[in-house]
There are 2 protein chains.
Amino acid sequence: MAAASKREQIIDQALKLFYQHGFNATGVDKIISEARVSKKTLYNHFRSKNELILAVLRKRDELFRNNMMRETERMAVQPRERLLALFDVMGNWFHEETFSGCMFINASAEFSDLKDPCHILCAEHKRLICDYIEELAKQAGAQDPLELAKQLNLLIEGAIVNAHVEGDLEAGQRAKRMGEFLVDLALK
Amino acid sequence: MAAASKREQIIDQALKLFYQHGFNATGVDKIISEARVSKKTLYNHFRSKNELILAVLRKRDELFRNNMMRETERMAVQPRERLLALFDVMGNWFHEETFSGCMFINASAEFSDLKDPCHILCAEHKRLICDYIEELAKQAGAQDPLELAKQLNLLIEGAIVNAHVEGDLEAGQRAKRMGEFLVDLALK
DNA sequence: TCTATGGTAAACCTAACGGTATACCTTTAA
DNA sequence: TTAAAGGTATACCGTTAGGTTTACCATAGA
């Protein structure tokens with residue numbers, strides 16, 4: 001099998017395990033066993049477990065944001081409606097069986113030092129999501145697109161935590177109702 | 001030294017370490033060394049590391065909510081103002097040097113199974129906080145105190161994540177502005 | 001005064017951790 | 001055809017994990 005494919009195989013399995021059980025709780029032995037590769041192969045592709053974690057987070061960021069944007073733009077056409085569709089996309093995610101919170105919030109909990117490369121990647125991910133919301137807010141003609149984006153982003157993060165910690169699957173709808181007020185306010 | 005005191009000593013040090021570095025990343029050897037007790041003593045008081053974690057979470061819940069209520073009620077007298085003072089209390093917390101996010105959100109990330117005793121305790125903590133906000137909302141004469149409480153709770157959780165993951169210390173103020181809007185709406 | 005009780009240090013247990021080394025096998029391209 | 005590249009399994013490394021055991025010491029209540 002091609003090297004690139006092995007690499008993806010490792011990342012994909014590591015992503016599943018890290019997401020479901022956490023980073024420190026998941027050993028490399030478990031990863032190679034699930035990915036059906038040898039330890040040598042893993043260490044050929046990644047210098048250390050930490051490098052693998054970074055690769056996993058980068059892939060997750062890519063997958064998550066692509067999916068978020070694709071779904072949002074599929075569900076609504078007008079910018080204002082797209083801002084609100086964001087909450088529906090989140091709500092659907094909460095209802096998935098494998099939902100286990102936001103991987104980047106989870107990672108920040110385990111790598112809490114703000115200067116830790118993993119934590120930096122998490123902050124970057126959140127910033128990119130905020131950028132996307134700001135772009136939608138601009139298209140919708142918001143008075144202060146950045147402020148609206150930060151507000152909606154805060155609502156989304158609150159909803160994710162609500163859904164994960166308290167198991168409140170309706171958090172997406174609640175956040176959407178709150179978001180509607182803010183969007184109306186920002187667009188009027 | 002009295003037994004009860006040793007127990008508290010262990011819990012206090014474990015709390016610091018778990019909060020700063022996470023649960024799985026903190027070994028019992030580190031805890032006993034920092035708490036200056038022998039391993040035997042730790043295992044006399046706690047059946048396992050997991051039991052210690054539960055004890056730590058219970059203590060953190062008690063300390064955190066007591067402080068939250070005390071500070072909120074010290075900062076404002078009128079129920080409406082107390083609802084908003086909650087965000088100031090959070091904002092001040094974010095600015096503390098030792099701030100490392102919400103310990104219960106962090107714990108939920110490492111013990112992601114909803115049926116895990118640790119996760120259950122985290123959900124309970126969040127519910128108790130919501131109960132307190134609901135009580136304030138009732139006193140303020142909100143039309144739907146539970147709904148308002150859930151909304152403000154979501155804002156608080158969003159602000160905590162914002163502050164921790166992105167290092168945005170102004171998240172408390174942003175959440176307060178959003179909260180003001182919702183409180184006005186719920187009281188009119 | 002005696003004896004639990006609960007403390008101590010330190011050795012020890014097994015299992016798992018992240019990571020390396022060895023030896024061999026398969027694919028692929030010059 | 002051959003040799004490099006990258007795969008495999010497996011054994012191994014030192015360290016650390018959670019947890020137990022041993023032997024001894026200090027205090028306090030009957």
Side-chain angles (χ1 to χ4, degrees), chain A residues 1-58 106-107 109-113 116-119 121, chain B residues 1-58 106-107 109-113 116-119 121:
Chain A
M1 191 176 293
S5 154
K6 285 283 169 192
R7 195 173 196 275
E8 290 308 301
Q9 217 172 307
I10 295 167
I11 291 179
D12 289 350
Q13 285 303 321
L15 198 154
K16 272 190 201 169
L17 292 167
F18 287 148
Y19 182 54
Q20 218 63 238
H21 305 106
F23 298 89
N24 281 306
T26 304
V28 294
D29 287 348
K30 183 80 181 170
I31 294 167
I32 61 168
S33 133
E34 293 280 311
R36 292 165 193 273
V37 300
S38 71
K39 205 177 253 197
K40 185 89 187 300
T41 302
L42 190 149
Y43 281 100
N44 278 344
H45 287 291
F46 307 97
R47 266 191 234 155
S48 65
K49 183 189 179 184
N50 219 58
E51 290 285 330
L52 171 58
I53 291 175
L54 290 171
V56 165
L57 289 175
R58 276 189 282 265
N106 296 350
E110 293 200 59
F111 309 101
S112 63
D113 184 354
D116 186 297
C118 293
H119 198 124
L121 231 74
Chain B
M1 191 177 294
S5 156
K6 284 283 169 193
R7 196 173 195 277
E8 290 307 302
Q9 218 171 307
I10 294 166
I11 290 178
D12 290 349
Q13 286 302 322
L15 199 153
K16 273 190 202 168
L17 292 167
F18 286 150
Y19 182 53
Q20 218 64 237
H21 305 108
F23 298 90
N24 281 306
T26 303
V28 294
D29 287 347
K30 182 81 180 169
I31 294 167
I32 62 169
S33 130
E34 293 281 310
R36 292 165 192 273
V37 300
S38 70
K39 207 177 250 199
K40 185 91 189 300
T41 302
L42 189 150
Y43 281 101
N44 278 344
H45 287 291
F46 307 96
R47 266 192 234 152
S48 64
K49 183 188 178 183
N50 219 58
E51 290 284 329
L52 171 58
I53 291 175
L54 289 171
V56 164
L57 288 175
R58 276 188 283 264
N106 295 350
E110 293 200 57
F111 309 103
S112 63
D113 184 354
D116 186 297
C118 293
H119 198 124
L121 230 75

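Remember, predicted model here, so these are calculated numbers, not experimental data. Lettering follows sequence order; numbering is per chain, from 1.
C:dT8 atom C1' lies 14 Å from atom CG of B:Leu42, rounded to whole Å. Taking atom CG of A:Asn50 as the reference point, atom P of C:dC17 lies 16 Å away to the nearest angstrom. The NZ-C1' distance, from A:Lys49 to C:dA16, rounds to 11 Å in whole Å. When rounded to the nearest whole Å, the span between CD of B:Glu8 and P of C:dG7 equals 13 Å. Between the CG atom of A:Asn44 and the C1' atom of D:dA4 there is a distance of 14 Å, given to the nearest Å.
By the 4.5 Å heavy-atom criterion applied to side chains, A:Phe23 and B:Glu110 are not counted as neighbours. Contact annotation: the side chain of A:Asp29 approaches that of A:Lys39 to within less than 4.5 Å [non-hydrogen atoms, C-beta and beyond]. Side-chain contact between A:Asn106 and A:Phe18 is absent, with no heavy atoms from C-beta onward closer than 4.5 Å.
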Can you give one letter per nucleotide of nucleotides 9-16 of chain D, 5' to 3': B if a protein heavy atom sits under 4.0 Å from the base, S if only from the sugar-phosphate, - if neither?
-> B-------
Could you go step by step and tell me if A:Phe46 and A:Leu54 meet the side-chain contact (heavy atoms from CB on, under 4.5 Å) rule?
-> CA-CA 10 Å; A:Phe46 307 97; A:Leu54 290 171; over 6 Å; no
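Partner of A:Arg47 under the side-chain contact (heavy atoms from CB on, under 4.5 Å) criterion, chosen from A:Lys49, A:Glu51, A:His45: A:Glu51. Checking B:Asp12, B:Leu17, B:Ile11 one by one against B:Val56, the side-chain contact (heavy atoms from CB on, under 4.5 Å) holds for a single residue, B:Ile11.
Shown for residues 12-28 of chain A: no residue has heavy atoms falling under 4.0 angstrom of DNA chain D.
Between B:Thr41 and C:dT8, a side-chain N or O to OP1/OP2 separation shorter than 4.0 Å is present. Residue B:His45 has a polar side-chain atom (N or O) positioned under 4.0 Å from OP1 or OP2 of C:dG7.
In terms of heavy atoms, A:Gln9 sits closest to A:Val37 at NE2-CG1, 4.2 Å. The two residues A:Leu52 and A:Ile31 come nearest to each other via the heavy atoms CD2-CD1, 3.9 Å. Smallest separation of non-hydrogen atoms from B:Ser38 and B:Ile32: O-CG2, 4.1 Å.
Of all nucleotides listed (C:dG7, D:dG7, D:dG18), D:dG18 comes nearest to the side chain of B:Tyr43.
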